[in-house]
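Structure record follows, encoded as structure tokens.
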Amino acid sequence: MDRIYFVSDAHFVNSPDQDRRQESIFRNFIKEVINRKGTLFLVGDLFDFWFEYHSCIPKYYFNTLCALKEASENGVKINIVYGNHDCWHLDFFKKFTEADLYQDSVSFQTGGKNFFVTHGDGILLSDRGYRLLKPFIRNKFTVNLIRAIHPDIANKIVRIVSSYSKGNPRNHIFTEEMEKEIERWAEKILDKGYDYIIIGHYHKPFVKELGEGKILMCIGDWLKHFTFGYFDGERLSLCYWR
Ligand SMILES: [Mn+2]
């Protein structure tokens, strides 16, 4: 694992409204990962809603899925860390892209550094309600109930809920206090011996050095910032896609 790319929060939508430009920028990024023989970590919420059925796949994600398959066929190892919007997998995505899936977080060591990678949802104090709900929304029984709904109808409901949540200004605020809370959470993890913590979810790219060589990185998003984390084998950087 020499060159590692970390990307999250493209929130692609399963709808004809999907921004084709955003999708094609992402595909160019994937081409770069292929050309540079990188390893790819999708750190959650690549899709605004990923919910697998037994016999159908979401049509408007097809281009992105094919780009990821092409990457995999060209030797790119794909790793997926679940986000809060795309945590409902069966075996399709996994098999199609030969990805490794991680439900909450993944940790590994490379280039003499210990990495801890997670989407970053449920960290804040104000996420208490969500933390309680999380086991329920990922629960097999709930998921099977949702799966009984026709995919077109489920998708429509999700589109409505999602546009309501996007329209809520509270969901777009990222305060200094929130950043401090995340830092306190990160310090506890770094104390366990990790060097680098990589998160997404907050849609705000930032890097914090929390002690000698210890880094907390929020990799931003692919809606507004088009940023990603990049490890060249020695150093971790936050990069802006040209
Ligand atoms: Mn998220």
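Not measured: the values here are computed from a predicted model. Ligands are counted one by one from 1 in listed order, and the atoms in each one are counted from 1 as well.
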Find, among atoms of His201 that are N, O or S, the one nearest to the Mn ion (ligand 1), and state its name.
ND1
Ring centre gap for Phe115 and Phe41 strictly below 6.0 Å:
no
Backbone or side chain, does Asp45 get an N/O/S atom under 2.8 Å to the Mn ion (ligand 1)?
yes
Suppose we only count N/O/S atoms under 2.8 Å; would Asn84 qualify as near the Mn ion (ligand 1)?
yes
Just checking Glu187: does its CD atom have more than 12 heavy atoms from other residues, nucleotides or ligands closer to it than 6.0 angstrom?
yes
Going by the angle between their ring planes, with limits at 30° and 60°, are Tyr196 and Phe231 parallel, tilted or perpendicular?
perpendicular
Do you see a donor-acceptor pair shorter than 3.5 Å between the side chains of His203 and Asp9?
yes
